[in-house]
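First the proteins, then the strands, lettered A, B, ... as listed; each starts at 1. If you're wondering where the values come from, they're calculated on a predicted model, not measured in any experiment.
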Amino acid sequence: MNDEATLLQTPRRSGPAFVRHQAQSPTIDGTGHEPQNSTVLSARGLHKSYRKGTHTIPVLRGVDISLRHGEFLAIIGQSGSGKSTLLHLLATLDQPDEGEIHFDGHRIDNLPAAGRDTLRNRYFGMIFQFYHLLPELTTLENVLAPLMIEQSWWKYLWQRRTHEKAARELLELVGLEHRLRHRPRELSGGEMQRAAVARALITRPRVLFADEPTGNLDAATGAGILRLLRTLNRQHGVTIVMVTHDLAVAERADRVVRLVEGKMTSA
Amino acid sequence: MYKFLLCWRYLRTRHIALASVISVTLGVATMIVVNAVMSGFVHEMQDRIHGILSDVVFESHSLDGFADPQWHMEQIERVAGEYIAGMTPTVHVPAMLNFPLPNGQFITKQVNLLGIEEATHAAVSDFSQYLQHPENRRELKFELRESGYDVFDHQGGEDALERVEMRYAGWQHRRAMAEMRAATGPVATQPGFVPPTDNSSFSPNTESDPFHDMPNSPAAEENVFDPARETHPGAILGIALGNYRDRDGQERFLILPGDDVTITYPTAGTPPRVQSFSFTVVDYYESKMSEYDAGFVFVPLKMLQRLRGMLIPGTDVGRVSAIQIKLKDEAHGDLVRDLLRQEFDPAVYQVSTWRDKQGTLLAAVHMETTILNILLFLIICVAGFGILAIFFMIVVEKTRDIGILKSLGAPGSGVMSIFLGYGLSLGCVGSGAGMLLGLLFVAYINEIADLIGVVTGREVFDPSIYYFQKIPTIVEAFTVGWIVTGAIAIAVAASILPARRAARLRPVEALRYE
Ligand SMILES: Nc1ncnc2c1ncn2[C@@H]1O[C@H](COP(=O)(O)OP(=O)(O)OP(=O)(O)O)[C@@H](O)[C@H]1O
Ligand SMILES: [Mg+2]
């Protein structure tokens with residue numbers, strides 16, 4: 001585990017590019033030097049509703065949430081309560097109708113598209129219920145995809161060996177070292193989800209978002225994935241937000257909040 | 001990096017898109033073939049036309065021509081001498097050609113009778129290159145040769161058909177025919193047909209007759225004309241006047257060099273009278289322009305001038321219909337034409353370049369090429385819409401992947417360039433394959449035409465209908481380049497809309513898409 005630990009704990013880069021004055025900040029992911037109570041991500045008064053013709057369906061009605069560094073937070077709620085919607089807002093995949101989201105003390109919900117793209121690419125990792133691997137790429141290439149997106153092609157090719165080494169080590173960490181050249185359709189659900197976890201971690205994100213990571217897996221496989229997330233959180237200090245409708249799953253987290261009728265209540 | 005990778009993977013896994021590109025391939029191939037054949041045709045045809053027409057033709061509006069060609073040539077020399085390589089006077093007049101067949105029937109054809117100067121005509125056009133006797137190609141003479149006429153078409157290349165009868169052409173044929181006629185008596189003629197003149201009805205002004213001491217001149221002999229030892233004045237016939245193709249495609253000859261023909265022509269007087277005169281065929285002219293090969297008869301200029309009464313009495317200076325001008329550089333044609341038009345009264349003289357003369361024909365071919373190109377380009381555009389449709393399908397199919405890429409932080413422009421790059425590579429593949437296919441088709445076009453002919457039982461390219469033995473082709477790198485670039489541009493243009501749509505997909509919607 002020592003190797004993997006250093007892999008995940010190596011200071012990767014100075015602060016977010018979109019926040020210049022933070023460039024020299026020592027707040028680096030997963031180092032554990034940061035006080036546990038510093039807030040990484042926070043949202044205030046989030047509103048989101050979907051419009052169907054003249055009809056508007058309010059989904060979120062003033063959600064307040066804050067995530068501390070190194071925390072493993074679970075959000076539970078019934079199906080259709082808006083958990084995915086909330087997660088997408090937090091991960092800047094979508095924009096709220098009202099309210100603000102702050103990351104490292106900077107407002108991110110109103111950033112221009114390019115800024116949000118960079119944010120997702122470098123500082124956030126995402127895991128989905130349906131794995132969402134790219135079917136045309138091999139497992140290894142899927143894991144490398146965020147780096148390919150981040151870097152220009154010549155820079156990527158220049159550093160290819162380093163990148164591939166990192167990806168192999170991550171795939172080893174999630175237990176997929178024997179599936180490097182397989183296409184997603186040749187993998188089982190659990191394997192695909194583990195590949196997705198490796199992909200989410202390749203850029204050493206500050207926050208890992210997981211939307212029902214076990215929702216599509218049998219109990220044993222799901223438990224394996226949860227154990228993996230748990231390990232990542234405990235041993236490598238990865239900050240995790242997980243969405244689930246399953247209380248048993250949520251119980252693996254440090255803290256559980258409940259989304260009811262578009263508002264947060266502590267569980 | 002992901003753009004190249006995904007683009008490449010899509011290219012390898014989406015075969016439906018390759019199918020959509022087949023129409024581009026076919027369009028490009030057809031365009032290349034059509035252009036190659038068309039420019040081959042134009043080039044070959046220009047060659048042939050140019051082979052008979054000199055660069056610039058200076059002619060009179062009247063069949064009677066103009067007097068004193070020497071003075072005219074001096075004037076022309078004075079005006080545009082620096083551009084001119086050579087000049088020769090000619091006389092042309094519509095005429096009738098009439099000759100007997102072995103079965104006693106007579107054949108009459110309408111021809112253009114041309115009087116040309118043996119010494120200078122070869123210098124202004126490729127005329128002599130189209131003759132069938134090698135000696136005549138070297139130095140033109142209106143005399144019957146003993147033998148040695150080409151049996152194989154010297155322009156036909158390796159697989160030229162054998163013209164069996166041409167083996168006997170020449171004096172040998174003439175003597176044999178004379179013997180045969182002597183043995184069987186005069187050939188039977190159709191009832192009511194007045195036998196052709198034996199030139200004795202022609203009453204030339206003997207004193208001014210430049211031919212009166214020629215051995216074959218009718219004026220030189222009082223006694224009976226002996227066809228076994230003498231000939232009439234020589235005439236060169238367009239080859240299509242004397243041959244035909246039998247059912248096996250074999251070329252057969254109705255008359256050969258050595259046979260006599262009668263030519264009926266209008267005189268130069270007012271009003272013109274009609275006269276006939278016998279000539280001996282001394283060679284065939286084959287330009288492969290069927291229009292010329294089936295229409296021209298060449299005789300010596302002085303002879304024609306004398307027969308038509310164009311000579312000034314007591315001299316051998318006569319009127320001519322035209323002066324053919326050969327330029328040092330063919331590109332100066334228009335310039336010389338304009339210079340001469342300024343100098344000479346357009347009411348009397350007409351000056352034109354060989355392009356002007358065949359303008360309608362060339363313009364028609366040009367027009368055809370343009371229209372075909374437009375139509376084929378439209379076909380490629382249709383193929384473009386096929387690509388558009390299939391790309392939209394692929395974008396819809398890839399909606400989820402686009403969402404994934406965006407959730408991983410790929411910008412819209414990156415997603416867009418995946419699909420634009422995809423369109424570009426499809427365009428390159430399609431038009432590259434089309435180019436290869438087209439060039440291969442052009443390279444083997446005659447073999448393909450033969451093969452189709454064998455399969456369907458009908459000759460695709462019948463040399464007796466067209467001007468040429470083989471389908472002529474010219475591949476112009478410039479044209480091919482344009483076609484290929486155009487096709488690629490269309491493929492890229494067709495992928496712009498789907499690519500933009502992909503770029504604008506909102507990541508959440510794309511991710512929810514299942
Ligand atoms: N694009 C959309 N247009 C209209 N309504 C939508 C849209 N997306 C989501 N909704 C609605 O918003 C509500 C919340 O959806 P969301 O996916 O966030 O629920 P969820 O809590 O993640 O449910 P689950 O546990 O089943 O994943 C649902 O009622 C859904 O129908
Ligand atoms: Mg959900």
**Student:** When you compare the side chain of A:Leu133 with that of B:Ile404, does any pair of heavy atoms fall below 4.5 Å?
**Tutor:**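 Not in contact.
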**Student:** Considering residues, nucleotides and ligands other than A:Tyr50, do more than 12 of their heavy atoms fall under 6.0 Å from its OH?
**Tutor:**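 Above 12, so yes.
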**Student:** Hey, could you give me the CZ/CG distance between B:Arg506 and A:Leu93, rounded to the nearest 0.5 Å?
**Tutor:**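 Rounded to the nearest 0.5 Å, the CZ-CG separation comes to 10.5 Å.
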**Student:** Got more than 12 heavy atoms from elsewhere within 6.0 Å of CZ, A:Arg183?
**Tutor:**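 Count over threshold, so yes.
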**Student:** Looking at A:Pro135 and B:Lys398, what are the two nearest heavy atoms and their distance?
**Tutor:**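 Looks like CG-NZ, 4.1 Å.
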**Student:** Is A:Thr92 close to chain B through its backbone or its side chain, or both, or neither, when contacts mean heavy atoms under 4.5 Å?
**Tutor:**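 Looking at A:Thr92, nothing touches chain B.
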**Student:** Side chains of B:Leu408 and A:Arg199: does their closest heavy-atom pair fall under 4.5 Å?
**Tutor:**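 Counting from C-beta outward, B:Leu408 and A:Arg199 do come under 4.5 Å.
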**Student:** Sort A:Phe128 into side chain, backbone, both or neither according to what part of it lies under 4.5 angstrom from a heavy atom of chain B.
**Tutor:**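 The answer is the side chain of A:Phe128.
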**Student:** Does any backbone or side-chain atom of B:Ser407 lie under 4.5 Å from a heavy atom of chain A? Answer side chain, backbone, both or neither.
**Tutor:**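 When you check distances to chain A, atoms from both the backbone and side chain of B:Ser407 fall under 4.5 Å.
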**Student:** Report all side-chain donor-acceptor pairs from residues 478-485 of chain B shorter than 3.5 Å, counting only partners two or more places apart or in another chain.
**Tutor:**
unit_1: B:Thr479; atom_1: OG1; unit_2: B:Glu476; atom_2: OE1; d: 3.0
unit_1: B:Thr485; atom_1: OG1; unit_2: B:Gly481; atom_2: O; d: 2.4

**Student:** Examine whether an atom of A:Arg116 lies under 4.5 Å from a heavy atom of chain B, and if so say whether it belongs to the side chain, the backbone or both; otherwise answer neither.
**Tutor:**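 Contact with chain B: none, neither part.
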**Student:** Report which part of B:Lys3 has an atom under 4.5 Å of a heavy atom belonging to chain A: side chain, backbone, both, or neither.
**Tutor:**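 No part of B:Lys3 comes within 4.5 Å of chain A.
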**Student:** Taking all atoms of both residues into account, what is the closest heavy-atom pair of A:Leu134 and B:Leu405, and its distance?
**Tutor:**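 Smallest heavy-atom distance, with atoms named: CD1-CD2, 3.9 Å.
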**Student:** Taking atom CD as the centre, does A:Gln78 end up with more than 12 heavy-atom neighbours from other residues, nucleotides or ligands that are less than 6.0 angstrom away?
**Tutor:**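 Open: at most 12 neighbouring heavy atoms sit under 6.0 Å from CD of A:Gln78.
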**Student:** Between B:Val508 and A:His88, which heavy-atom pair has the shortest distance, and what is it?
**Tutor:**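 Residues B:Val508 and A:His88, closest heavy atoms: CG1-ND1, 3.1 Å.
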**Student:** Distance check, rounded to the nearest 0.5 Å: A:Leu157 atom CG versus B:Phe4 atom CZ?
**Tutor:**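 Reported value, rounded in 0.5 Å steps: 9.0 Å.
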**Student:** Atom CE in A:Met126, atom CG in B:Leu511: separation rounded to 0.5 Å?
**Tutor:**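 Atom-to-atom, A:Met126:CE and B:Leu511:CG are 7.0 Å apart.
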**Student:** May I ask you to check whether over 12 heavy atoms, not counting those of A:Arg160, lie within 6.0 Å of atom CZ?
**Tutor:**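 For A:Arg160, atom CZ is not crowded (no more than 12 foreign heavy atoms under 6.0 Å).
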**Student:** Are the charged groups of A:Glu136 and B:Arg12 less than 4.0 angstrom apart, N to O?
**Tutor:**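 Answer for the salt bridge query: no.
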**Student:** Between A:Asp94 and B:Glu509, is there a side-chain heavy-atom distance shorter than 4.5 Å?
**Tutor:**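 No; the side chains remain at least 4.5 Å from each other.
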